[in-house]
> 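Pasting in a structure now, in structure tokens, and then I'll have a few things to ask.
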Amino acid sequence: MAEDDDLIASAPRLATLLENLGADSRIAVDTEFLRERTYYPRLCLVQLAGERTLGLIDALAHVPLEALHRFLAERKRTKVLHAAHQDLEIFAHATQAVPGPIFDTQLAASLIGFVPQIGFGDLVREVLGVTLEKGHARTDWTRRPLSPAQLAYARDDVRYLLPLAETLAERLRVAGRTDWFAEDARVAEDLSIYVQDPATAWERLKWIRSLSGKKAAAARSLASWREERALTLDRPRGWILSDAAISELVDRMPRTAGELDSIAELPPAVAREIRRGAHRPHRQCE
């Protein structure tokens, strides 16, 4: 397999990579990103591999990625990923579309008896007999230059995806579960999965389903408000208001400024907004 030694950091080199991959019917795809300080993942690296070509695209090098998005949108190629949700979320946010069709090796593995949410390294070892190097799963992919070990890790994330998918697809066929997999894979292409509607943000908090009346209304309102703020500010929702703070607010339903200030989990800035009336999930603290 031909591999670029360096990160692809220019439009001409990206065009060459996509041209070399153009004849393949299956493309291995992975991404590296940072999400510690933002609501949306910050894309750092895109790894692509076909039958004969592998390349790493530096998403921080200001390379226009429109050609990449068009390439991934072409449905004549199956995109093979592992645990695809966060990778697909990145592309969905950038293009308002999900690049399909999808073959998720984690999903395929779960349908033929592997433990749910099995990691990529474990699956490669069990199916292909290859042990991958560990140690860079939580690396800072925003730092440049990337070390040879980091680049090797990134390449391995796509190098084995196509043979892995081929073996899993055959096992699905033997188990008679190809149709099951195809149905779940189609669901993964639903754009609404990756675009959060603040009105339904409360559904992430399972405990809200056990509430009723005013407490249920307050919890849903707080979850919606938090999601709107996180989206607007591009900050993690937990930075705006933690799940624990929502739970305590709903449980105690404070009606005075003193009661509000006694909630340890509540950020002072949010408490000030509530006191000002900027957010009143149930007209508390008036």
> Quick one: does His82's side chain have a donor or acceptor within less than 3.5 Å of a partner on Thr105's backbone?
no
> Are Leu60 and Tyr153 linked, directly or through intermediate hydrophobic residues, by side-chain heavy-atom contacts shorter than 4.5 Å (ILVMFWY only)?
no
> Do Glu203 and Arg209 have side chains that get closer than 4.5 Å, going by heavy atoms?
yes
> Using 0.5 Å steps for rounding, measure from the CG atom of Leu34 to the CZ atom of Arg42.
7.0 Å
> So, the side chain of Tyr160 versus the backbone of Gly121: is there a donor-acceptor pair under 3.5 Å, distance only?
no
> How far apart are the C-alpha atoms of Ile27 and Val80, what are their side-chain angles, what is the distance that settles it, and do they pass the side-chain contact (heavy atoms from CB on, under 4.5 Å) test?
CA-CA 6 Å; Ile27 301 295; Val80 181; over 6 Å; no
> Is a side-chain N or O of Thr95 found less than 3.5 angstrom from the main chain of Phe91, in a donor-acceptor match?
yes
> Considering only heavy atoms from C-beta outward, does the side chain of Leu146 approach that of Trp141 to under 4.5 Å?
yes
> Determine the minimum heavy-atom distance between Leu161 and Leu81, stating which atoms define it.
CD2-C, 4.0 Å
> Are Val187 and Val195 linked, directly or through other ILVMFWY residues, by side chains that come within less than 4.5 angstrom of each other?
yes
> Same cluster or not: Ile246 versus Trp239, using hydrophobic residues (I, L, V, M, F, W, Y) connected whenever any side-chain heavy atoms lie under 4.5 Å apart?
no
> In chain order, what residues pass the salt bridge (Lys or Arg N to Asp or Glu O under 4.0 Å) check against Arg220, with sequence neighbours excluded?
none
> If you round to the nearest 0.5 Å, how far is CG of Asp243 from CD of Glu248?
13.0 Å
> Can a salt bridge be assigned to the pair Arg35 and Glu89 using a cut-off of 4.0 Å between side-chain N and carboxylate O?
yes
> Check for a donor-acceptor pair, side chain of Arg177 on one end and backbone N or O of Leu111 on the other, with a separation under 3.5 Å.
yes
> Are Glu183 and Arg186 within salt-bridge range, i.e. N to O under 4.0 Å?
no
> Might you work through the side-chain contact (heavy atoms from CB on, under 4.5 Å) test for Ile112 and Leu168, ending with a clear yes or no?
CA-CA 8 Å; Ile112 54 176; Leu168 293 174; 3.6 Å; yes
> Any chance you could measure Asp156, atom CG, to Leu132, atom CG, to the nearest 0.5 Å?
5.5 Å
> Check the hydrophobic clustering (I, L, V, M, F, W, Y; side-chain heavy atoms under 4.5 Å; chains of links allowed) and say if Leu54 and Val130 are grouped together.
yes
> How close do Glu189 and Ile102 get, heavy atom to heavy atom, and via which atoms?
OE2-N, 3.8 Å
> Tell me, do Leu65 and Phe71 make a side-chain contact under 4.5 Å, heavy atoms counted?
no
> Is it true that Leu43 and Leu231 fall in one hydrophobic cluster, defined by side-chain heavy atoms closer than 4.5 Å?
no
> If you count every heavy atom of other residues, nucleotides or ligands that lies below 6.0 Å from Arg143 atom CZ, does the total exceed 12?
no
> Verify, without hydrogens or angle tests, whether Asp24 (side chain) and Arg26 (backbone) share a donor-acceptor contact under 3.5 angstrom.
no
> Nearest 0.5 Å, what's the CG-CG distance between Leu17 and Leu56?
9.0 Å
> Side chains of Asp30 and Leu45, heavy atoms from C-beta outward: is any pair under 4.5 Å?
no
> Measure the shortest side-chain to side-chain distance between Gln86 and Tyr194 over non-hydrogen atoms and say whether it is less than 4.5 angstrom.
no
> Examine the side chains of Ser262 and Arg252 and answer whether a donor and an acceptor come within less than 3.5 Å of each other.
yes
> Can you tell me how far the SG atom of Cys44 sits from the CG atom of Leu7, to the nearest 0.5 Å?
11.0 Å
> Okay, side chain of Asp58, backbone of Ile8: is any donor-acceptor separation there less than 3.5 Å?
no
> Verify, without hydrogens or angle tests, whether Lys206 (side chain) and Arg204 (backbone) share a donor-acceptor contact under 3.5 angstrom.
no
> What is the minimum heavy-atom distance between Glu228 and Pro198, and which atoms define it?
CG-CB, 3.5 Å
> Considering all heavy atoms of both residues, which atom of Ile118 and which atom of Glu126 are nearest to each other, and what is their separation?
CD1-OE2, 4.1 Å
> Would you please test Asp251 and Lys215 for side-chain contact (heavy atoms from CB on, under 4.5 Å) and show each step?
CA-CA 7 Å; Asp251 182 59; Lys215 288 193 174 184; 4.0 Å; yes
> Enumerate the residue pairs fulfilling ring-ring contact (aromatic ring centres under 6.0 Å, His included) with a member in residues 169-188, sequence neighbours excluded, ordered by first and then second residue.
Phe103-Phe181
> Could you pull out the closest heavy-atom pair between Tyr39 and Arg237, with the gap in Å?
OH-NH2, 3.4 Å
> I'd like to check Arg77 versus Ser25 (side-chain heavy atoms, cut-off strictly below 4.5 Å). Are they in contact?
no
> Tell me every residue that passes ring pair (Phe, Tyr, Trp, His ring centres under 6.0 Å) with His93, counting only those two or more places apart in sequence or in another chain.
Tyr40
> Would you mind reporting whether Leu249 and Leu222 have side-chain heavy atoms less than 4.5 Å apart?
yes
> Tell me if a side-chain donor or acceptor on Arg155 pairs with a main-chain N or O of Ala49 at a distance below 3.5 Å.
no
> What pair of heavy atoms forms the shortest contact from Asp157 to Gln47, and how long is it?
CB-NE2, 3.9 Å
> Roughly how far apart are Ile193 CD1 and Asp190 CG, rounded to 0.5 Å?
4.5 Å
> Hey, does Val158 have a side-chain heavy atom less than 4.5 Å from the side chain of Val29?
no
> Donor-acceptor pair, distance only, cut-off 3.5 Å: does the side chain of Thr53 make one with the backbone of Gly50?
no
> Determine whether Glu166 and Leu164 satisfy the following criterion, side-chain contact (heavy atoms from CB on, under 4.5 Å), listing intermediate values before the conclusion.
CA-CA 5 Å; Glu166 185 175 356; Leu164 181 62; over 6 Å; no
> Ignoring hydrogens and angles, tell me if any N or O in the side chain of Thr38 forms a donor-acceptor pair with the backbone of Pro41 under 3.5 Å.
no
> Does Glu74 have more than 12 heavy atoms from other residues, nucleotides or ligands lying within 6.0 Å of its CD?
yes
